[in-house]
2 protein chains.
Amino acid sequence: ILEAMEVSKDYTMGKTHVQALKGLNLTIHSGEMVCIMGPSGSGKSTLLNLLGLLDTPSSGQILLQGKATQNLPYKESAQMRSRFLGFIFQSFNLFPVLNAFENIEYPLLFHPLTRKERRDRVWGALSDVQLREVALHRPDELSGGQRQRVAIARALVTHPLLILADEPTANLDSESAENIMTVMQRLNQSRKTTFVFSTHDPRVVHHASRIVKITDGVIQHEGTQATV
Amino acid sequence: ILEAMEVSKDYTMGKTHVQALKGLNLTIHSGEMVCIMGPSGSGKSTLLNLLGLLDTPSSGQILLQGKATQNLPYKESAQMRSRFLGFIFQSFNLFPVLNAFENIEYPLLFHPLTRKERRDRVWGALSDVQLREVALHRPDELSGGQRQRVAIARALVTHPLLILADEPTANLDSESAENIMTVMQRLNQSRKTTFVFSTHDPRVVHHASRIVKITDGVIQHEGTQATV
Ligand SMILES: Nc1ncnc2c1ncn2[C@@H]1O[C@H](COP(=O)(O)OP(=O)(O)OP(=O)(O)O)[C@@H](O)[C@H]1O
Ligand SMILES: Nc1ncnc2c1ncn2[C@@H]1O[C@H](COP(=O)(O)OP(=O)(O)OP(=O)(O)O)[C@@H](O)[C@H]1O
Ligand SMILES: [Mg+2]
Ligand SMILES: [Mg+2]
């Protein structure tokens with residue numbers, strides 16, 4: 001479903017040069033729950049941003065459904081993202097002027113749904129992440145973990161083929177984290193939604209079908225729970 | 001050193017009313033490492049903001065060093081904060097236009113130090129959090145965990161009596177988290193720095209001298225590691 005071939009990402013700031021990813025190869029198969037683990041600064045978010053077509057590699061290719069993505073015009077890559085991908089950002093990236101309900105509803109405005117279907121889906125997603133009572137709060141009127149759960153609900157509500165989740169449980173207590181992982185596991189089983197997580201959290205790794213360890217922009221090791 | 005007496009905090013948004021804290025009593029003694037734990041939305045950040053004099057309670061009092069704080073003019077409470085307190089925010093709150101070095105140096109500009117003393121302290125803090133190589137990066141050129149460590153270094157560098165840390169390890173891998181807790185433990189032993197953490201992370205709780213459990217704005221239970 002998604003493939004990174006010899007992907008590198010360099011950042012240049014003035015005189016300094018950071019090689020965040022170095023010739024990385026990774027294939028994600030449909031229906032997997034892949035966990036990308038590694039120290040702070042090892043390149044996890046950079047890799048997820050490339051897989052989510054939110055940034056372009058300095059060299060190498062990203063293939064989505066076998067199709068090359070690098071020369072896509074902006075409009076077409078935005079359309080592919082909106083149809084196939086759901087993205088949960090490490091810093092949530094919610095719209096500050098919209099409340100929780102409106103933030104979750106926003107991506108559905110680009111999908112062919114009636115107003116009633118849209119609103120039913122948003123209330124369903126709010127129930128999944130246990131935030132019905134704070135649906136009218138804006139992001140600055142929510143706790144850290146509540147903002148994170150709004151970002152999760154927003155990625156689930158469009159029923160994407162693939163969800164990329166960058167540290168989705170960082171701000172959650174054990175019960176909320178367990179609840180979120182159960183919702184994702186259920187989507188993976190019922191709708192075959194593919195998940196790629198970047199995480200430090202053992203509670204997420206517990207649900208992974210494959211673990212990929214990255215250090216300093218290079219994949220160190222891949223394997224199932226038992227082998228890593 | 002810090003005392004909350006019958007503290008309540010209400011938020012009113014339009015017609016809805018949220019009681020984030022309900023008549024809470026808490027005393028923090030000098031030299032303690034206190035962990036405030038509780039589910040997402042239970043009131044941890046609200047409590048830390050009141051203890052850090054960043055917000056005022058709807059009712060009740062906060063005493064700092066035995067002195068009432070509610071009628072302090074803005075300038076005096078800012079001075080008390082700058083002298084006594086270090087604060088690590090859940091969303092880091094770094095200045096986007098300053099690089100990591102300048103963000104950490106910023107609070108020292110209000111302290112009576114020579115330029116050399118200031119810069120030595122900042123490089124020392126960058127070493128403590130293992131970020132010397134990215135000192136010139138701005139926040140948007142740093143990873144999530146790197147931004148969190150800049151926020152930690154900024155709170156340590158003024159050598160405050162008390163550090164309030166809201167989820168300080170949420171975005172950190174085990175090694176970075178362990179390293180941060182060792183730095184804090186060292187400050188607690190060598191300089192008797194008092195710490196109040198809000199956390200979901202067992203790696204932080206492991207270092208606590210006292211655990212306070214909060215649910216729905218009410219303290220459920222207090223005790224040492226063994227009793228909770
Ligand atoms: N400015 C605000 N306006 C309205 N409601 C608010 C505001 N800030 C917080 N709240 C509400 O107050 C409650 C407590 O929030 P708080 O941020 O203290 O929780 P928390 O324990 O820190 O949660 P988390 O672990 O998710 O960070 C939440 O239900 C939240 O929605
Ligand atoms: N826009 C940027 N400009 C310059 N350097 C950057 C930029 N974004 C990231 N970096 C650097 O690239 C490296 C990888 O960053 P990345 O955010 O991918 O790490 P990460 O594995 O997600 O870390 P964390 O677990 O802390 O979130 C870091 O050293 C970071 O400083
Ligand atoms: Mg990251
Ligand atoms: Mg909080």
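Below, chains carry the letters A, B, ... as their sequence lines are ordered, and counting in each starts from 1.
For A/Asp216, the CG atom counts as loosely surrounded, since its 6.0 Å shell holds 12 or fewer non-hydrogen atoms of other residues, nucleotides or ligands. The local environment of CG in A/Asn25 is crowded, with over 12 non-hydrogen atoms from other residues, nucleotides or ligands closer than 6.0 Å. Taking a 6.0 Å sphere around OH of A/Tyr106, one finds it holds 12 or fewer heavy atoms contributed by other residues, nucleotides or ligands. Surrounding CD of B/Glu175 are at most 12 heavy atoms belonging to other residues, nucleotides or ligands under 6.0 Å away.
Residues A/Met13 and B/Leu136 share a closest heavy-atom pair of CE-O, 4.4 Å. The minimum heavy-atom distance linking A/His200 with B/Asn171 is given by the pair NE2-O, 3.4 Å. For B/Asp173 against A/Gly38, the heavy-atom pair with the smallest separation is CB-O, 4.1 Å.
Residue contact with chain B, scored on non-hydrogen atoms closer than 4.5 Å, involves the side chain of A/Ser143 exclusively. For A/Glu141, the part lying near chain B is the side chain, with the backbone staying farther off; criterion is any non-hydrogen pair under 4.5 Å. For B/Arg149, the part lying near chain A is the side chain, with the backbone staying farther off; criterion is any non-hydrogen pair under 4.5 Å. In this structure, chain A has no heavy atom under 4.5 Å from any part of B/Val134. Contact annotation for A/Ser45: neither backbone nor side-chain heavy atoms come within less than 4.5 Å of a heavy atom of chain B.
Of the residues considered (A/Ser91, A/Ser176, A/Pro39), A/Pro39 shows the highest number of contacts with chain B, using heavy-atom pairs under 4.5 Å. Interface remark: of the candidates A/Arg147, A/Gln148, A/Arg138, A/His137, A/His137 forms the most heavy-atom pairs closer than 4.5 Å to chain B. Ranked by non-hydrogen atom pairs under 4.5 Å with chain B, the options A/Ser40, A/Gly145, A/Ser42 are led by A/Ser40.
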